[in-house]
Amino acid sequence: MKTISENRAFGGIQGVYSHMSEACGFEMTFAVFMPPQAKNGPVPCLWYLSGLTCTHENAMTKAGLQAHAAEFGLAVVYPDTSPRGEDVANDEAYDLGQGAGFYLNATEEPWASHFQMETYIASELRDLVTEKFAISVHHGITGHSMGGHGALTLAMKYPGHYQSLSAFAPIANPTQSDWGRKQLSAYLGSDEQVWRAHDASLLLQDTGWSSDVLVDQGVDDQFLALLKPDTLVSALINSGTSHTYRFHEGYDHSYYFVSTFARDHVAWHAERLRS
């Protein structure tokens with residue numbers, strides 16, 4: 001693991017690091033905020049998964065999570081959204097290829113060689129940060145848009161990994177959305193039964209989530225038709241999943257929306273990870 005930068009922030013350290021990923025077969029960059037409480041021993045960890053086109057840097061600089069994480073004593077991990085580099089497959093469209101890994105393991109070429117983001121997030125990077133940083137066994141996961149999709153699906157697929165779950169404006173039903181059908185068919189092939197494991201609304205029927213979930217959604221989100229929040233609300237109700245789903249008038253899909261409600265999410269995770 002290489003240290004790219006480390007800066008003092010809110011009494012803790014905001015670092016950016018890189019390492020050679022075995023899962024993705026390429027060098028990956030990620031960021032970790034360690035709160036001041038980590039000086040006294042391991043702290044719970046919150047994973048923040050970013051949306052389409054983002055790197056580790058977008059949420060690190062725009063979401064304002066560090067101040068809240070320092071207040072509540074949580075580490076925050078910001079992974080990248082895909083492998084990157086000249087030898088990594090890409091597409092001219094912003095919603096496929098580099099910056100658009102969708103937090104799954106691709107099985108179709110040319111993507112399968114490097115796009116193994118599910119294994120990378122849930123296993124490889126998890127093992128690395130728990131080895132290198134003062135992080136406890138208590139982990140929560142959240143994310144925005146494509147990252148909200150990743151947070152919901154990974155939490156349900158790896159229930160032993162995460163004890164708390166939330167999302168900001170997640171892509172909630174990708175098997176029935178242009179933000180999903182295009183990518184799932186490219187990465188996983190044409191069998192739509194395979195896609196079910198990457199659709200939060202369907203996973204609630206198939207697997208479920210044993211704890212509660214917090215979701216925030218802007219009513220003025222310009223991508224509302226692609227996100228399909230109503231489908232996720234119905235799935236939560238029908239599966240009997242305890243949830244707080246908040247719709248906010250006037251808020252769009254931007255990081256202004258995320259940063260407005262960031263403290264609520266950090267507090268939500270802190271309460272559950274410390275109980």
Side-chain angles (χ1 to χ4, degrees), residues 1-2 4 16-32 47-63 76-129 141-155 157-158 167-171 174-175 177-189 194-195 197-200 223 226-227 253 255 258:
M1 189 181 78
K2 302 174 185 175
I4 296 174
V16 178
Y17 311 92
S18 68
H19 72 114
M20 182 56 66
S21 166
E22 195 172 300
C24 296
F26 226 82
E27 188 170 49
M28 299 290 289
T29 302
F30 65 98
V32 179
W47 292 75
Y48 182 95
L49 305 186
S50 292
L52 287 166
T53 75
C54 291
T55 70
H56 67 281
E57 188 175 18
N58 296 76
M60 184 184 79
T61 58
K62 296 179 180 180
V76 183
V77 178
Y78 308 86
D80 203 345
T81 55
S82 77
R84 300 173 188 272
E86 291 184 5
D87 296 328
V88 176
N90 201 12
D91 189 270
E92 291 182 359
Y94 74 94
D95 57 356
L96 184 68
Q98 295 184 36
F102 266 75
Y103 303 103
L104 52 77
N105 288 339
T107 58
E108 303 296 303
E109 295 299 344
W111 315 106
S113 300
H114 299 295
F115 283 72
Q116 301 295 309
M117 290 300 293
E118 178 179 328
T119 296
Y120 177 67
I121 299 294
S123 298
E124 185 179 20
L125 186 58
R126 178 187 174 92
D127 290 345
L128 180 65
V129 297
I141 190 166
T142 189
H144 174 227
S145 193
M146 180 184 73
H149 142 80
L152 293 168
T153 57
L154 292 180
K157 293 182 76 174
Y158 298 88
F168 300 86
I171 300 174
T175 62
S177 168
D178 288 343
W179 272 0
R181 295 189 64 83
K182 171 185 177 180
Q183 295 81 3
L184 295 173
S185 61
Y187 294 141
L188 301 175
V194 175
W195 302 0
H198 306 281
D199 186 310
F223 302 114
L226 293 167
L227 302 174
H253 200 68
Y255 268 102
V258 174

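Numbers here simply count residues along the sequence, with the first being 1. Side-chain atoms are counted along with the backbone in the values below, which use heavy atoms only and exclude waters and symmetry mates.
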Whether [X] side chain and [Y] backbone form a donor-acceptor pair below 3.5 Å:
X: T153; Y: D199; answer: no
X: N58; Y: T55; answer: yes
X: Y103; Y: I121; answer: no
X: E108; Y: S185; answer: no
X: Q98; Y: G85; answer: yes
X: W195; Y: G189; answer: yes

Do you know which two heavy atoms are closest between [X] and [Y], and how far apart they sit?
X: K182; Y: A93; result: NZ-CB, 3.4 Å
X: L227; Y: A169; result: CD2-O, 3.7 Å
X: G25; Y: M20; result: C-SD, 4.4 Å
X: E118; Y: L154; result: CG-CD2, 3.7 Å
X: A106; Y: W111; result: CB-CB, 3.7 Å
X: G101; Y: S82; result: N-CB, 4.0 Å

Is the shortest side-chain heavy-atom distance between F115 and C24 below 4.5 Å?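 F115 vs C24: side chains apart.
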Does the side chain of V32 come within less than 4.5 Å of V16's, by heavy atoms?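 They are not in contact (no side-chain heavy atoms under 4.5 Å apart), so the answer is no.
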In terms of the angle between their ring planes, are Y17 and F30 parallel, tilted or perpendicular, with boundaries placed at 30° and 60°?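 Because their plane-to-plane angle lies in the 30° to 60° range, the rings of Y17 and F30 count as tilted.
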Parallel, tilted or perpendicular, judged at 30° and 60°: which one describes the rings of Y255 and Y48?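 Ring orientation, 0 to 90° scale: tilted.
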Looking at [atom1] of [X] and [atom2] of [Y], how far apart are the two atoms once the value is rounded to the nearest 0.5 Å?
X: Q183; Y: D91; atom1: CD; atom2: CG; value: 9.5 Å
X: H56; Y: I4; atom1: NE2; atom2: CD1; value: 6.5 Å
X: F168; Y: S50; atom1: CZ; atom2: OG; value: 11.0 Å
X: K62; Y: C54; atom1: NZ; atom2: SG; value: 7.0 Å
X: I171; Y: W179; atom1: CD1; atom2: CH2; value: 5.5 Å
X: T81; Y: L49; atom1: OG1; atom2: CG; value: 10.0 Å

Going by the salt bridge (charged side-chain N to carboxylate O under 4.0 Å, His left out) test, which pairs reach into residues 76-87, not counting sequence neighbours? D80-R84
Within the 3.5 Å criterion, strictly below it, is a donor on [X] or [Y] matched to an acceptor on the partner's side chain?
X: E27; Y: S21; answer: no
X: E22; Y: Y120; answer: no
X: T119; Y: N105; answer: yes

Just do the side-chain contact (heavy atoms from CB on, under 4.5 Å) check on M28 and H19 with the steps written out, would you? CA-CA 6 Å; M28 299 290 289; H19 72 114; 4.1 Å; yes
Decide side-chain contact (heavy atoms from CB on, under 4.5 Å) for Q116 and E124; before the verdict, give the C-alpha distance in whole Å, the side-chain angles of both, and the deciding distance to 0.1 Å. CA-CA 10 Å; Q116 301 295 309; E124 185 179 20; over 6 Å; no
Who pairs with Y78 by side chain to side chain donor-acceptor pair (under 3.5 Å), at least two apart in sequence or on another chain?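 Expected list: none.
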Would you list the atom pairs, donor with acceptor, under 3.5 Å between side chains in residues 141-152 and any protein atom, with sequence neighbours excluded?
{"from": "T142", "atom 1": "OG1", "to": "S166", "atom 2": "O", "distance (Å)": "3.2"}
{"from": "T142", "atom 1": "OG1", "to": "S166", "atom 2": "OG", "distance (Å)": "2.8"}
{"from": "H144", "atom 1": "NE2", "to": "H253", "atom 2": "O", "distance (Å)": "3.0"}
{"from": "S145", "atom 1": "OG", "to": "H253", "atom 2": "NE2", "distance (Å)": "2.9"}
{"from": "H149", "atom 1": "ND1", "to": "H198", "atom 2": "O", "distance (Å)": "3.4"}
{"from": "H149", "atom 1": "NE2", "to": "F102", "atom 2": "O", "distance (Å)": "3.0"}

